[in-house]
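Below: one structure, written as structure tokens.
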Number of protein chains: 2
Amino acid sequence: MKQDTSFDWHEPGLTIGQVAQRSGVSASAIRFYEAQGLISSDRTAGNQRRYHGDVMCRLAMIEACQRVGLTLAEVGRALAGLPPGQAPNAEDWHALAERLRTEAQSRIDRLSQVLRELAPPA
Amino acid sequence: MKQDTSFDWHEPGLTIGQVAQRSGVSASAIRFYEAQGLISSDRTAGNQRRYHGDVMCRLAMIEACQRVGLTLAEVGRALAGLPPGQAPNAEDWHALAERLRTEAQSRIDRLSQVLRELAPPA
DNA sequence: TGTTGACCTCAACAATTGTTGAGGTTCTAC
DNA sequence: GTAGAACCTCAACAATTGTTGAGGTCAACA
């Protein structure tokens, strides 16, 4: 979904405001995630944050993970396997994605099981 | 604490300690859920809680729902459709289960979608 | 060069989801 | 009828996940 016509994925020039606007995640939340080690940034000489494009990936992932009940700590542990800062390669993402999907699916399965047990065939 | 070999689903005699032990949910959490309106109890003349068997259903469901990212408020809204106190009938549970499963699955789908987008075919 | 909006840090507050403990009551088994 | 385990309420604390605001700095444009 690139509604973002011109944008170099690796340009390390995104300000926190730009990231916030594009991702829909508030600047305060972004700072918070950074403080928790979920994302990282470069700093300008004047100490302002500058983000790589891959931060958008991470933010989308964080949101989706939270929606399926993973805590930030869990997401953090998952992301910890990724090369920090730079854009991770496809393999990295793939392995990560697989783990997350598996975990999420197992939770759904558990819920389904509980629900099935609770609503027996009358 | 009489070890319960026989157990009538509708007997309104479970103490909070018994419920806690059987469900694995702490007594404090049970009281908390009750304060939030997620479960209910009868009281003895001496003001102690006595639970119906259906509380076990609800507790299992609450746990499973939380694991897939639903808040207690969301679970509460879902449970609100159920007849309070007494054991709900199969239809009630069925409709509820369907809604929950749907919501949970849509969250998983969203995560899967995000993950797919993030890990493109290299 | 000046101004103005975006950014910085840090601390305080807030909602959610409980746990812990104090102080008192009830229930059950002897 | 009494001891002790289990229960009660209420308030304080705690972790997680942020938001808000104060007070100050940076950067981009005229």
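Just so you know, these numbers use all the heavy atoms, side chains as well, and skip hydrogens, waters and symmetry mates. Here is the naming used below: chain letters follow the sequence lines, and residue numbers restart at 1 for every chain.
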Just by distance, no angles: are the side chains of A:Ser41 and A:Glu34 close enough, under 3.5 Å, to form a donor-acceptor pair?
yes

Would you say the side chains of B:Gln113 and B:Asp109 form a donor-acceptor pair under 3.5 Å?
no

Please tabulate, one pair per line, all N/O donor-acceptor pairs under 3.5 Å involving side-chain atoms of residues 96-103 of chain A, not counting sequence neighbours.
unit_1: A:Thr102; atom_1: OG1; unit_2: A:Glu98; atom_2: O; d: 2.8
unit_1: A:Glu103; atom_1: OE2; unit_2: A:Arg107; atom_2: NE; d: 2.7
unit_1: A:Glu103; atom_1: OE2; unit_2: A:Arg107; atom_2: NH2; d: 3.1

Only counting residues at least two apart or in another chain, list the ones meeting side chain to side chain contact (heavy atoms under 4.5 Å, CB included) with B:Phe32.
B:Gln36, B:Leu72

Letter by letter from the 5' end, nucleotides 8-29 of chain D scores (B base, S sugar-phosphate only, - none; protein heavy atoms under 4.0 Å) SB-------BBSB-----SS--

Decide yes or no for B:Arg58 and B:Tyr51: does some side-chain heavy atom of the first lie under 4.5 Å from some side-chain heavy atom of the second?
no

Can you tell me the distance, in whole Å, between the CD atom of B:Gln18 and the P atom of C:dT28?
10 Å

